[in-house]
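Just so we're on the same page: letters track the sequence lines, and every chain starts at 1.
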There are 2 protein chains.
Amino acid sequence: MRSKGFEGMACSIAAVMGAIGDRWALLIMRDLLLGIRRYDDLRQSSGVTNATLSDRLKLLTENGLVERRQYQTRPERFEYQPTEKGRDLNLLMQALVQIGDQWNLSSLEGPPLDFIDRRTGHGVKLMTVDRETSEPVERDQLGVRPGRGADALMTWRLSRGPERADALVIRSDRSQDAGPPPVPDDHSSASNP
Amino acid sequence: MRSKGFEGMACSIAAVMGAIGDRWALLIMRDLLLGIRRYDDLRQSSGVTNATLSDRLKLLTENGLVERRQYQTRPERFEYQPTEKGRDLNLLMQALVQIGDQWNLSSLEGPPLDFIDRRTGHGVKLMTVDRETSEPVERDQLGVRPGRGADALMTWRLSRGPERADALVIRSDRSQDAGPPPVPDDHSSASNP
DNA sequence: TGACTGACTCTAATTACCAGAGTTAGCTTT
DNA sequence: AAAGCTAACTCTGGTAATTAGAGTCAGTCA
C-alpha cells in the first residue's frame with residue numbers, strides 16, 4: 001500500500017488524496033478527464049512508465065474513479081474512462097489550474113489549459129460563495145470550523161490554530177486551550193472526514 | 001528529486017503538484033493553513049515521521065510555499081507558516097473538502113471540516129462561474145480548450161479527446177485528427193502550463 | 001514472412017519511506 | 001548537582017515503491 005495511513009484518516013483532504021493515490025494517478029486522471037482513453041495514449045501523454053501506469057489504472061479502478069471497458073474482442077482491447085465519481089475531480093483540476101495561473105507558472109504566455117463554458121465559449125473560474133445565497137465571499141473572510149464529522153484529532157488541530165490574521169481558523173468557543181493531542185500516536189483507528 | 005519529470009511539464013496541474021511535492025507535503029500544508037505552526041504539532045497532527053516532515057518542510061520552504069521563522073533565541077526555536085503563495089492552496093483544500101463531501105466519505109455525520117464566511121458564519125462552497133460576468137456555469141456546460149501557453153504536447157492531448165458527452169474537451173477547429181504524439185519520449189525539454 | 005499495434009508483465013538498479021533511537025541546547029524540578 | 005523535560009531536529013537500517021527498458025502475447029496488415 002502506498003504510504004500507509006491515508007485511508008482511515010477522518011479528513012476529506014486526506015481521503016480524497018488517498019483515493020487518488022499519488023501524483024502520477026492525478027496526471028492520469030487529468031488525461032482521462034481531457035478525453036484520452038487508450039493505454040498507450042495515456043502513457044505518452046503523462047510520460048509514466050508501463051509498470052506505474054498499469055498499477056495506477058488498477059488502483060483508480062478499484063477506487064471507483066475509473067472504469068475499464070473492452071471495446072474490441074478479437075484481440076482483446078481495453079479502454080479507460082472516468083466514472084461519475086471520477087468526474088467529480090474536475091473541480092480539483094480547475095482548482096489546480098487556477099492556482100497555477102495565479103502563480104503564473106505559465107510564464108507570460110498564459111495558461112496551457114483553459115476551462116470554458118461550452119455554451120458561450122467564455123472562460124470560467126472558481127469562486128467562493130455562500131452555500132445558500134450564492135453571494136460571493138471575499139478571500140480574507142474565509143474561515144474554517146470543525147464540522148459535524150470532526151473527530152478528536154481534527155478538533156485538536158483546530159484548537160491549535162491561533163486567531164491570527166493569517167490563519168484560517170475560527171473557534172466558536174475558546175474552550176480548554178492546551179492539553180496534549182488526543183490519540184497522540186494512533187492514526188490507524190482514527191475516523192475523521 | 002521526487003519522481004523526476006514534474007517540474008518542466010507545461011501543465012499547471014503537474015506544476016502545482018510538483019511544487020507541493022507529495023501527499024505528505026499536502027497534509028502538512030493543510031495543517032499550516034489551519035494555523036498549526038510548530039514542528040511537533042505538525043508531526044502529531046499529520047502522523048508523519050521526523051525524517052519525512054523535516055524533508056518536506058525543507059522542500060516547501062524552497063518552493064516558496066512556507067516560511068521558517070525563529071521565534072525564540074536562547075534555545076533556538078523555529079516555527080513555520082504559509083507564505084502568500086502557500087495561502088493560494090486554500091483553494092485546493094476547499095476543492096478537496098468539497099469533493100470529499102460529495103463522495104460522502106464523511107459517512108453520514110457530515111464533513112469534519114467546514115469552510116465558512118467569518119463575517120456571517122455561513123457555510124461556503126466553490127462555484128464555477130463566468131470569468132467576466134460571474135454568472136454560474138452548469139456542470140455539464142464545462143469544457144476545456146488549449147490556452148495561449150499550450151505546447152505541442154498539450155495540443156496533442158486535447159486533440160485525442162473525442163467529442164463525447166462525457167468528455168470535457170472542446171476543439172475550436174478539428175484540425176488534423178491523427179498523427180503521432182509530438183516529442184514522444186522527451187519530457188525533460190517540454191514547457192507546457 | 002515480416003512488420004506492427006495495443007496492452008500489458010518482468011527485471012534489476014535506484015530511490016524513497018518507515019519506525020524508532022539519538023542529538024543539541026537550554027530550562028526546570030528534586 | 002543530577003535528572004528530567006522540551007523543541008527541533010538528524011541518523012540508521014530495513015522494507016517498499018519507482019524507474020528505464022526489454023520482453024510477451026494475440027492478432028492485424030502489407
If I take atom [atom1] in residue [X] and atom [atom2] in nucleotide [N], what distance separates them, rounded to the nearest angstrom?
X       : N      : atom1 : atom2 : result
B:Asp55 : C:dT15 : CG    : P     : 15 Å
A:Asp22 : D:dT18 : CG    : C1'   : 10 Å
A:Arg38 : C:dA7  : CZ    : P     : 6 Å
A:Gln44 : C:dT5  : CD    : C1'   : 12 Å
A:Asp40 : D:dT24 : CG    : P     : 18 Å
B:Arg68 : D:dA8  : CZ    : C1'   : 8 Å
B:Gln70 : D:dA7  : CD    : C1'   : 13 Å
B:Leu59 : C:dC17 : CG    : C1'   : 14 Å

Does OP1 or OP2 of [N] have a side-chain N or O of [X] closer than 4.0 Å?
X       : N      : answer
B:Trp24 : C:dC18 : yes
B:Arg56 : C:dC17 : yes
B:Lys58 : D:dT10 : yes
B:Tyr80 : D:dC9  : yes

Which is true for B:Thr52 with a 4.0 Å heavy-atom rule: it touches a base, it touches only sugar-phosphate, or it touches nothing?
sugar-phosphate
Sugar-phosphate only, base, or nothing, as touched by A:Tyr39 at under 4.0 Å among non-hydrogen atoms:
base
A:Arg131 vs B:Asp114, test: salt bridge (charged side-chain N to carboxylate O under 4.0 Å, His left out). Steps then yes/no.
CA-CA 11 Å; A:Arg131 213 176 286 153; B:Asp114 206 14; 2.9 Å; yes
Among D:dG21, C:dG6, C:dA25, the one nearest B:Arg77 by side-chain distance
C:dA25
Do you know which of A:Glu79, A:Arg77, A:Arg38, A:Arg37 makes side chain to side chain donor-acceptor pair (under 3.5 Å) with A:Tyr71?
A:Arg38
Would you mind telling me which residue lines up with the more 5' stretch of DNA chain C, A:Ala51 or A:Phe78, judged by nearest nucleotide?
A:Phe78
Candidate pair A:Asp88 and B:Arg139, rule salt bridge (charged side-chain N to carboxylate O under 4.0 Å, His left out), full reasoning
CA-CA 10 Å; A:Asp88 287 341; B:Arg139 188 177 152 78; 3.1 Å; yes
Whichever of B:Tyr71 and A:Gln72 has its nearest DNA chain D nucleotide further upstream toward 5':
B:Tyr71
Considering all heavy atoms of both residues, which atom of B:Arg119 and which atom of A:Pro136 are nearest to each other, and what is their separation?
NH2-O, 4.4 Å
Side chain to side chain donor-acceptor pair (under 3.5 Å) for A:Asp31 and A:Ser45? Distances and angles first, verdict last.
CA-CA 7 Å; A:Asp31 291 339; A:Ser45 173; 2.9 Å; yes
